[in-house]
Number of protein chains: 2
Amino acid sequence: MLPSSIMHSLDKVDLQLLRALCTDPRSTFVALAQQLHLSRNTVQARMARLEESNAFLSFDRRVNPVALGYPLTAFIEVHVQQKRLTQIVAELAQIPEIVQAYGMSGSTDLLVRVVCTDADDLFRIDGTILACEGVDRTETSLAMGELIPYRVTPLLERTARRVGPSGSTGGSPDEVTT
Amino acid sequence: MLPSSIMHSLDKVDLQLLRALCTDPRSTFVALAQQLHLSRNTVQARMARLEESNAFLSFDRRVNPVALGYPLTAFIEVHVQQKRLTQIVAELAQIPEIVQAYGMSGSTDLLVRVVCTDADDLFRIDGTILACEGVDRTETSLAMGELIPYRVTPLLERTARRVGPSGSTGGSPDEVTT
DNA sequence: AAAAATATTGAGCATTCTGCCCTATTCAGG
DNA sequence: CCTGAATAGGGCAGAATGCTCAATATTTTT
């Protein structure tokens, strides 16, 4: 579930902090303060606020599955009987190789992200998914490579440019002008 | 591109470290050492080794796009003229809302992950993608919700159980027995 | 099996960082 | 203008870090 605690909007300082952390995730508060010409107390307060407002997702996302021995990533579209959706999700959550699942609009019910050791492993996992009661059909696509690695820094930089000195991302970024 | 520097396999201690970091990403080395009954130096050496071997992906992945003002996530299957794939990817990388793109097997050429502010924004981004020379067709699916939030901890825990006291994940995890 | 290489341990030191407190100033909203 | 929130800068004690070192344990190689 998406967090429901986004209680404040991010201003330029927040964005700069996030950007700096993307550059060096182990930055100390002191270093961040120097880099951004802020007081250390401010960095501390801002970071606490970002934590509280769920600006940071889980550390899991930084763990490279390849390093764990799971070099393959696949996306499985899962077509289900709607009335059993909740149970199915609970069952899928018991499969460790399923690292994420979205409920989707349109003709796909679930988009399931899977990591696996090899093609046979993928086939096995697919079978496990299909064995769940209420799962009608799956369509598997193997990711051959991450051509654009996950990044938000272009967004951070653009949004920071747009909001100006002390503005915030309240509402839609596109509504904010410099 | 996937990192090509996975030069060593993770043993149980590495996995436990990663697991502990998933629980508390701001853990100090001292705290980790106490928690795992290790010497602080060992934690330090292990963390350095994990860093060097690309066990950690970018911090970007921890930044919640919702907090940035991008509450919607969508997956766009992009069908392209193969010979222009490289140029297309370069062009797609110029679009900040595209946060990730996989080259896929099968009938889908690219799976593009997009964050956006609303449905109109998504429609606009889709148009931008379609405007790239060599892009034939797109199919957009809107993620309605993250039913299983991204997690690797079940994998970490299972692999740690499997490898025993000092084993490692060299090769396929399924080949390792306790 | 023995030797060599590597990893771990625990101790230590100087430096830096953190959590927290405090007061003064600035900023933003009514 | 007033008020509350945020920022700044200073401070303190304790904790953490980066690094060194020698001894020990473990793993790998011969």
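To find a chain, count down the sequence lines: A is the first, B the second, and so on, and within it residues start at 1. Because the structure is predicted, anything quoted here is derived from the model rather than measured.
- Between the NE2 atom of His37(B) and the C1' atom of dT8(C) there is a distance of 16 Å, given to the nearest Å.
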Please list every donor-acceptor pair under 3.5 Å in which a side-chain atom of residues 19-27 of chain A meets a protein atom from a residue at least two apart or in another chain.
from: Arg19(A); atom 1: NE; to: Glu157(A); atom 2: OE2; distance (Å): 2.5
from: Arg19(A); atom 1: NH1; to: Thr23(A); atom 2: OG1; distance (Å): 2.8
from: Arg19(A); atom 1: NH2; to: Glu157(A); atom 2: OE2; distance (Å): 2.9
from: Thr23(A); atom 1: OG1; to: Arg19(A); atom 2: O; distance (Å): 3.2
from: Asp24(A); atom 1: OD1; to: Arg26(A); atom 2: N; distance (Å): 3.2

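- Ionic pairing of Glu139(B) and Arg137(B) is present here: one or more N-O contacts between side-chain nitrogen and carboxylate oxygen are shorter than 4.0 angstrom.
- The salt bridge (Lys or Arg N to Asp or Glu O under 4.0 Å) analysis of residues 71-87 of chain A, with sequence neighbours excluded, yields the pairs Arg84(A)-Glu91(A).
- Per the geometry, CG belonging to Leu17(A) stands 15 Å off P belonging to dA6(D), to the nearest Å.
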- Message: Base contacts versus sugar-phosphate-only contacts with protein, heavy atoms under 4.0 Å: please encode nucleotides 17-24 of chain D as B, S and - from 5' to 3'.
- Response: BBBBB---

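- For the pair Leu57(A) and Pro65(B), the tightest heavy-atom approach, listed with the atom from each and the gap, is CD1-CD, 4.4 Å.
- With Asp121(A) contributing its side chain and Thr117(A) its backbone, the two residues share a donor-acceptor pair below 3.5 Å.
- Between Thr42(A) and the phosphate of dA8(D), there is a side-chain N or O to OP1/OP2 separation shorter than 4.0 Å.
- Between the NZ atom of Lys12(B) and the C1' atom of dT8(C) there is a distance of 18 Å, rounded to whole Å.
- Going from atom CD of Glu52(A) over to atom P of dA6(D) covers 11 Å, rounded to whole Å.
- The nearest whole Å value for the distance from the CG atom in Leu32(A) to the C1' atom in dA8(D) is 17 Å.
- dA8(D) atom C1' lies 15 Å from atom CG of Leu36(A), rounded to whole Å.
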- Task: Check step by step if salt bridge (Lys or Arg N to Asp or Glu O under 4.0 Å) holds for Glu97(A) and Arg124(A).
- Result: CA-CA 11 Å; Glu97(A) 292 90 349; Arg124(A) 175 186 63 81; 3.0 Å; yes

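- In this entry the distance linking CZ of Arg46(A) with C1' of dA5(D) reads 11 Å, nearest Å.
- Distance, Asp11(A) CG to dG29(C) P: 11 Å, rounded to whole Å.
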